[in-house]
Amino acid sequence: MERVAVTGLGVVSSIGVGIDQYWSALLSANSNPTNVSDPYANMANRLLYGIDDRSVNGAGPGRATGAGHPGRASAFAVTATTAALRDAGLDRDAPAGTGVVIGTGVGDVSLFEDVPAGATPPDGPDRFPFKVSSVLAAHFGLDGPVTSVSTACSASAYAVSLAADLIRDGAADVVVTGGTDSYTRVGVACFNRMGALDPVACRPFDAGRLGTVFGEGAAIMVLESESHALARGHDRPYALIEGAGWSCDGHHPTAPEAGAAQIVRAMHAAMDEAGVGPGDIGCVVPHGTGTPLNDVIESRGLAAVFGEATATLPLYSLKAMLGHTGGAAGGFALLTAALIVDRGVVPPNVTLAEPDPLCPVRLDRDGLTGPVDHALVNAYAFGGNNISVVIGRG
Amino acid sequence: MAEVGAAVVLTGAGLVCPAATGTAELLAADPDAGPDPMHNGAGGWFDPVPHLGARGWKYLSPATRYLLAAGVLAIADAALDPAALPAESMGVVVGTNLAANPVVERLDRTVIAEGAAMLSPAEAPNFSVNIPAGHVSMRHGMRAFNVSLTNPVVAGVESVLMLAASIRRGRAAVGIAGATEERPEDGWASEGACCFVVEGADHADRRAAPGRAAPGRAAIVGGFCRFVPDGSGPAVWERAVGRPLRELLARATDGAALPYAGPGGCGGFGRRVDDHCRDVSAAAGVDLEARRYLGDDGRYLTASPLLQLAGLLAEHGRGLVVATAPHGHVAALLIDPVPTHS
């Protein structure tokens, strides 16, 4: 079966635009949310790991294409995709039939939420909120399979899995994939009402955590069949997408299933498809949102899969740096895992005030250096939409 | 998503929209009858009780209610008993564009005028567009996976293709694929849902799915989803539409004229795709016979092409559906009679 290589990366995040800035920020292990400057955000908790649009080329109302005007999520994705294609050496001539599979939880919701502030109501193609993939395909002139995935907070991990499937099935040689989401006033308001936000920061696995804190941004990867990459002389991919496992709790609209049965099944399925076992995994990038129940249940699932080794298995708690980027979260986790296996470095985790004894996982404060042959990424979502992905060294 | 072979079948269909409930009413409905009767605004035409029972749906969004109802009808049509099957063998894929947006606009007004504290905590999760699909999994215990696709207009067709591909890949044996929409407040689109039971052919045989001859049951021969960027020349049209369509038509098992539900409601781009499909088919020696069903004008967005599929399935048991979105999306799906083994 054709192997799926990660040959280009691009990122727009609250801690940096571009891979070098992003990685450098991860190594600093220092990040804090600020209050969003939205005069209509009539709510108690307004914290956000936000992006200054001035740092993003094309953010805000950008160049319209046949697919309409990009909202902030599309603008983030255009910027990150530009960088990813350049990184892959495909910016001048993306191959015919290049695909696009993007995960997003709320799409270009900014076009709608800006209306009360005087923006023109979306019309024509802009009336479709989930058109990020359309905008990317139109902007870059890509004519392959183009899909938009919206499984809430696991959307972009599913997108990457589906993109890898397209390559394995021979439907495309190159696919632009990942995720993007921007601040949503309604989303933050709903999490306020559900009591699911932390008033301090996103603090996964900390005993004092009280919920999550949203972030925003885009994480884009160029996936490519290994044979296509080799044929054009690209023999040093960041990583390989080795396997994915899907499952659904089918339990509750928002709460995870306490027994962790389905997230355990997803992790095992991902490793089975990758042809590896728990002992081969050198690092886990967990879903880890900071929501009290979710972190405990994910820890329970990790213990069921890795047994006693859970205590020594390095975790990298990414959301402590970025906040919860919604539908982009899985994409950020996979992009970060690609950097981890490529560079043989697990960045230092943000220091916890007090590790939660109900989450007995290993979060190194100083980071780790050494080969990581395979990393496991978990992404979970409303509706119990679970996915695990194994990413390996290229 | 990926092309699929004939080992996956459609074994049931269900639909609810303002002008029709179920495939019999779909076939009887006049696609030219004009705008839908909406009665008391969004959802006013729809009574959840016959489909969902007296309780349990109060806090569900309209799009969730429609989807659940269409799913119940599809499951009944397929004589599927989800409770008798392993939960991990059943998947769900749903296409939608506006399942959440009208909810988001309503919630936003409350946030701005009264504050987040005035939101209903029971309704707050409905801001997430994957909640309708999640409720299908919860109701029927379908735990293989649950995916929501949101490409403009074509996401419904994609949902069927993706579930079929996932069944072929072994991620599920059977499941629900469908689409659902809520009417936006300014009424530029209508609302409703359409679902199918999609099933591995061997699985359908084992559980003795209704052995009806077509119409009513059909094999998914295959399909494709591509993008034609604005201003593309002939080479792109050939690569994105011409070649995959020719390859698809070559896999049709019946040489007779092919019932065809082409793209509607997408303006010039849809007409151009329609013309291209007719030209490619004629050159391939395939005679397309146009068929139109309720929603062929695209008013139900992602559900519109699935209503065309439901119509072809019920009336002919074979046919080609082509859907487009004005952004540049093209999706096609071909169904044929289920092969017999004797």
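No hydrogens, no waters, no symmetry mates; every other heavy atom, side chains included, goes into these values. Throughout, protein chains are lettered first and strands after them, A, B, ... in sequence-line order, and every chain is numbered starting at 1.
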Do B/Pro125 and A/Met194 come close enough that some side-chain heavy atom pair is under 4.5 Å? yes
Part of B/Ala117 lying under 4.5 Å from any heavy atom of chain A: backbone
Chi angles and distances behind the side-chain contact (heavy atoms from CB on, under 4.5 Å) call for B/Arg226, A/Val146: CA-CA 6 Å; B/Arg226 294 289 188 276; A/Val146 173; over 6 Å; no
Among the options B/Ala87, B/Ala235, B/Ala124, pick out the one with the most heavy-atom pairs lying under 4.5 Å from chain A. B/Ala124
Note: vs chain A, highest number of non-hydrogen pairs under 4.5 angstrom among B/Asp230, B/Leu301, B/Val111 is B/Val111
Best-contacting candidate, A/Gly383, A/Ala269, A/Ser134, against chain B by heavy atom pairs under 4.5 angstrom: A/Ser134
Mind checking whether B/Glu105 and A/Val186 have side chains closer than 4.5 Å, heavy atoms only? no
Count the heavy-atom pairs under 4.5 Å between each of A/Thr151, A/Val135, A/Asp143 and chain B, then report the option with the highest count. A/Asp143
Quick one: are A/Phe130 and B/Val129 in side-chain contact, heavy atoms under 4.5 Å? yes
Side-chain heavy atoms of A/Val149 within contact of B/Thr150, under 4.5 Å: no
Heavy-atom pairs under 4.5 Å with chain A - which of B/Pro152, B/Ala122, B/Ala240 has more of them than the others? B/Pro152
Go through it in stages, so that I can follow the logic: the residues are B/Met162 and A/Thr147, the test is side-chain contact (heavy atoms from CB on, under 4.5 Å), and I'd like the CA-CA distance, side-chain angles, deciding distance and then a yes or no. CA-CA 11 Å; B/Met162 187 193 146; A/Thr147 293; over 6 Å; no
Is there a donor-acceptor pair closer than 3.5 Å between any side-chain N or O of B/Asn130 and the backbone N or O of A/Phe382? yes
Which answer fits A/Arg265, side chain, backbone, both or neither, if we ask what part of it has an atom under 4.5 Å from a heavy atom of chain B? side chain
Do you know which of A/Leu142, A/Thr184, A/Ile387, A/Asn192 has the most heavy-atom pairs under 4.5 Å to chain B? A/Leu142
Which one wins on heavy-atom pair count under 4.5 Å against chain B: A/Gly124, A/Ala137, A/Gly187? A/Ala137
Got a salt bridge between B/Arg171 and A/Asp165, using NZ or NE/NH1/NH2 to carboxylate O under 4.0 Å? yes
Charged N to carboxylate O below 4.0 Å: is that the case for A/Glu257 and B/Arg143? no
Derivation and outcome, side-chain contact (heavy atoms from CB on, under 4.5 Å), residues A/Cys190 and B/Leu119: CA-CA 7 Å; A/Cys190 288; B/Leu119 297 174; 4.2 Å; yes
Any A/Ser133 side-chain heavy atom under 4.5 Å of B/Asn151 side chain: yes
How long is the span from the CD atom in A/Glu113 to the CD1 atom in B/Ile112, to the nearest 0.5 Å? 8.0 Å
Note: vs chain A, highest number of non-hydrogen pairs under 4.5 angstrom among B/Met142, B/Arg139, B/His135, B/Glu88 is B/Glu88
Residue pair A/Phe128 / B/Val153, side-chain heavy-atom distance below 4.5 Å: yes
Is A/Phe140 close to chain B through its backbone or its side chain, or both, or neither, when contacts mean heavy atoms under 4.5 Å? neither
Check whether B/Leu98 gets within reach of chain A through its side chain, its backbone, both or neither, counting any heavy atom under 4.5 Å. side chain
Is the backbone of A/Pro125 close enough, under 3.5 Å, to the side chain of B/His327 for a donor and an acceptor to pair up by distance? yes
State, with a plain yes or no, whether a side-chain heavy atom of B/Leu149 is found less than 4.5 Å away from one of A/Ser148. no
To the nearest 0.5 Å, tell me how far B/Cys225 SG sits from A/Leu166 CG. 9.0 Å
Qualifying salt bridge (Lys or Arg N to Asp or Glu O under 4.0 Å) pairs, either residue in residues 185-197 of chain A, two or more places apart: A/Asp38-A/Arg185, A/Arg185-B/Asp108
By residue number, those in residues 244-256 of chain A with heavy atoms under 4.5 Å from heavy atoms of chain B are A/Ala244, A/Trp246, A/Ser247, A/Cys248, A/Asp249, A/Gly250, A/His251, A/His252, A/Pro253, A/Thr254
How far does OG of A/Ser154 sit from CZ of B/Phe145, to the nearest 0.5 angstrom? 13.0 Å
Please state whether the side chain, the backbone, both or neither of A/Thr98 comes within less than 4.5 Å of a heavy atom of chain B. neither
Looking at B/Ser137, B/Pro184, B/Pro121, which has the largest count of heavy-atom pairs under 4.5 Å with chain A? B/Pro121
Within the structure provided, determine whether A/Phe112 and B/Asn101 are in side-chain contact (heavy-atom separation under 4.5 Å). yes
Need one label for B/Val228: side chain, backbone, both or neither, based on atoms under 4.5 Å from any heavy atom in chain A. neither
